[in-house]
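A, B, ... follow the sequence lines: proteins, then strands. Residue 1 opens every chain.
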Amino acid sequence: MCHYIRISSYRAINKKQHIVMAKQITPRSENYSQWYNDIVRKAGLADKSAVRGCMVIKPLGYGIWENMKAQLDIMFKETGHVNAYFPLFIPKSFLSKEAEHVEGFAKECAVITHHRLMNNPDGPGVVVDPTAKLEEELIVRPTSETIIWNTYKDWIQSYRDLPLLINQWANVVRWEMRTRPFLRTTEFLWQEGHTAHATSQEAIEESKLIHELYARFAEDYMAMPVIKGAKTANERFAGAVETYTIEALMQDGKALQAGTSHYLGQNFAKAFDVTYSDNNNKIEHVWATSWGVSTRLIGGLIMTHSDDEGLVIPPKLAPTQVVIVPIPKPSEEIIKVAESITEKLKNLGIRVKIDRDDQKRPGFKFAQYEMEGVPIRLGIGKRDLEKNVVEIARRDTKEKSSVDIEGIEKYIKDLLDEIQNNLFSKAKKHRDEHISVAESMEQLTQILDEKGGFVKALWDGTTETELAVKDKTKATIRCIDDENTLGTGVDIMSGKPATQTVLYARSY
RNA sequence: CGGGGCGUAGCGCAGCCCGGUUAGCGCACCUGGUUUGGGACCAGGGGGUCGGAGGUUCGAAUCCUCUCGCCCCGACCA
């Protein structure tokens, strides 16, 4: 049976509409970061808040996060992890126990010094009560390694207690100089896994397992292709022996670090004196990992798929996958059909919504749902019902077609998969087209300026060279190429012998 | 913290330079009507201590001083 009766495109829009739309959302070509801000605000993902650097995550943004969280949580549990929850506050002294760790985070910590307010004796309002000063200040966690390892000390005695595989869903605070919605906010939501192992080998395997898991999540669920690799010493997490990263490429050619998994060696075990007895009753320090992804992923999602009409959400993460719009507005007859389709879709686990508003006109709603990134829109009007069809519009290609109501649920289920796959292929094509090779600094600079994206080059392995390149080009080493594609030769910056291939990019 | 810019209705802005009726416009909102297959139209209506404090003046959104906040660009970073 052929479902397609008519295919048309609504890419062509008249001049007046162009002007109307331009008022609503800045085109990417004009100003990419303004476009990003417009998407966040106008699609209703997040709002500014009264607090500097902090955002209100609105239902659409939070719905995407909930879907990400639900899937990641399944994946963590499938790999043997369990959830727990540790305090928001960390005693100041904990932070300084691991030298590199405190070095990395000290400059961006919110500090609690008092625990009570009082009426202002000199006027209206309240002031901090000076007598309520804390003996030891508390830090609002920028990450939880320290409080968790302080706890693990009591939990781990024997090799039988290992491995300890714990994740927590939490909020953290990092007092950044400059913030951007989702990409870098003062407070953000994330998950942080913290595991303890009996051997170095096991801990390394764990960190690689999660690295792999993150890449799978990014590609299969977010439809966001990523490059996997290790960070350089300079870019490593404060306190880690090795940091594995997934790096995505945004539409403007800048890279985004989308998730990191750290092998911590025995650094935290030693700092917090976490030891276990092995099966020979010998005392050893445990080996550790930590790993996290945050609401930053939503920023990555936006800059991977969305367009000048608004947000585009991959079906697997879309809070609403299908919206049904009665045309021109709800009637008893249309609602009856809509509800019957809804029922069938829900039975297949598809998230569907009927627009029951009777005020706005269809054109307005179409534009609105495109702005909000709903993957599939069904239009049902009298004209369709006469032919027993509905109009299907897909968000990714903006194609419209008429499809028989009979068997529509299967058609939609397949179409959701197709959209998911199409978004991934499109993003992958863009990413692949933006991986270049530079054999000289001139080439590197030229590629970064004209094309953007990842640029492979040989590196001599020194931080000095890495920083010199950053100074010259604003690009950093996003990760070390696992396969060392370029083999051996000389570093493009220093001219010294080089045995490692790295990927440079300007990044968020 | 450096360099730019901006605070006037929920949002976007004009007015300020050159002080002078009742502070205005678009969107949004409310009411009524006509409409309704790609962002409807007409009519009526509500909403403002002009970021805050002080000053100059008969009179301040407008001039002066101080202050608070925000945005963009850098350094920092997931």
Whole-angstrom distance between [N] and [M], as gauged at atom [atom1]:
| N | M | atom1 | result |
| --- | --- | --- | --- |
| B:rG26 | B:rG46 | P | 15 Å |
| B:rG69 | B:rU22 | C1' | 31 Å |
| B:rA60 | B:rA53 | C1' | 15 Å |
| B:rU62 | B:rG15 | P | 15 Å |
| B:rA9 | B:rU49 | P | 8 Å |
| B:rA23 | B:rC68 | C1' | 24 Å |
| B:rG55 | B:rC18 | P | 24 Å |
| B:rG10 | B:rG52 | P | 13 Å |

Backbone of A:Ile204 reached by a side-chain donor or acceptor of A:Ser207 within 3.5 Å: yes
Heavy-atom donor-acceptor pair, A:Glu466 side chain to A:Thr476 backbone, under 3.5 Å: no
Counting only side-chain heavy atoms from C-beta out, which of [options] sits nearest to [X]?
| X | options | result |
| --- | --- | --- |
| A:Arg383 | B:rG38, B:rC29, B:rG37 | B:rG37 |
| A:Glu176 | B:rC11, B:rC77, B:rU35 | B:rC77 |
| A:Arg184 | B:rC11, B:rG37, B:rC76 | B:rC76 |
| A:Gln368 | B:rC76, B:rC11, B:rG39 | B:rG39 |
| A:Glu370 | B:rG38, B:rC71, B:rG39 | B:rG38 |
| A:Arg41 | B:rG38, B:rC29, B:rC11 | B:rC11 |

It should be established whether [X] places a side-chain nitrogen or oxygen under 4.0 Å from OP1 or OP2 of nucleotide [N].
| X | N | result |
| --- | --- | --- |
| A:Lys470 | B:rC76 | yes |
| A:Arg361 | B:rA40 | yes |
| A:Asn37 | B:rC72 | yes |

Residue met sooner reading RNA chain B from 5', once A:Phe366 and A:Arg52 are mapped to nucleotides: A:Phe366
Residue whose nearest RNA chain B nucleotide is more 5′ - A:Ile380 or A:Gln257: A:Ile380
Pairs where residues 297-307 of chain A contributes a residue and the test side chain to side chain donor-acceptor pair (under 3.5 Å) is met, not counting sequence neighbours: A:Asp307-A:Arg395, A:Asp307-A:Lys398
Short N-O contact, A:Glu247 and A:Lys231, less than 4.0 angstrom: yes
Watson-Crick or G-U stems of RNA chain B, 3 or more pairs, under 3.5 Å, by first number: B:1-7 with B:68-74, B:10-13 with B:24-27, B:29-34 with B:40-45, B:51-55 with B:63-67
Just the rounded figure in Å: distance from [atom2] of [N] to [atom1] of [X].
| X | N | atom1 | atom2 | result |
| --- | --- | --- | --- | --- |
| A:Met55 | B:rC71 | CE | C1' | 17 Å |
| A:Trp190 | B:rC77 | CH2 | P | 15 Å |
| A:Glu391 | B:rG38 | CD | P | 9 Å |
| A:Gln359 | B:rG39 | CD | C1' | 16 Å |
| A:His262 | B:rC77 | NE2 | P | 14 Å |
| A:Asp358 | B:rU36 | CG | C1' | 12 Å |
| A:Arg174 | B:rC77 | CZ | P | 11 Å |
| A:Leu467 | B:rA75 | CG | P | 13 Å |

Neighbours of RNA chain B within residues 315-337 of chain A, by heavy-atom distance under 4.0 Å: A:Ile327, A:Pro328, A:Lys329
At 4.0 Å (heavy atoms only), tell me whether [X] reaches a base, stays on the sugar-phosphate, or touches nothing.
| X | result |
| --- | --- |
| A:Leu183 | base |
| A:Thr243 | nothing |
| A:Phe188 | base |
| A:Lys107 | nothing |
| A:Thr260 | nothing |

Distance-only donor-acceptor hits, side chain of residues 318-337 of chain A, under 3.5 Å, sequence neighbours excluded:
{"unit_1": "A:Gln321", "atom_1": "OE1", "unit_2": "A:Arg351", "atom_2": "N", "d": "2.7"}
{"unit_1": "A:Gln321", "atom_1": "NE2", "unit_2": "A:Pro315", "atom_2": "O", "d": "3.0"}
{"unit_1": "A:Ser331", "atom_1": "OG", "unit_2": "A:Ile334", "atom_2": "N", "d": "3.2"}

Student check: side-chain heavy atoms of A:Ile412 and A:Val352 closer than 4.5 Å: no
Beyond-backbone contact of A:Lys208 with A:Tyr263, side-chain heavy atoms, under 4.5 angstrom: no
Centroid separation A:Trp291 to A:His81 less than 6.0 Å: yes
Ring-ring centroid check A:Phe237 A:Phe105, cutoff 6.0 Å: yes
By side-chain contact (heavy atoms from CB on, under 4.5 Å) - contacts of A:Ala367 (at least two apart): none
Worked check of side chain to side chain contact (heavy atoms under 4.5 Å, CB included) between A:Thr232 and A:Thr463: CA-CA 8 Å; A:Thr232 61; A:Thr463 298; over 6 Å; no
Could you pull out all donor-acceptor pairs under 3.5 Å where a side-chain atom in residues 467-475 of chain A meets a protein atom, sequence neighbours excluded?
{"unit_1": "A:Thr473", "atom_1": "OG1", "unit_2": "A:Val469", "atom_2": "O", "d": "2.7"}
{"unit_1": "A:Thr473", "atom_1": "OG1", "unit_2": "A:Ala475", "atom_2": "N", "d": "3.1"}

Distance-only donor-acceptor test (3.5 Å): side chain A:Lys474, base B:rG74: no
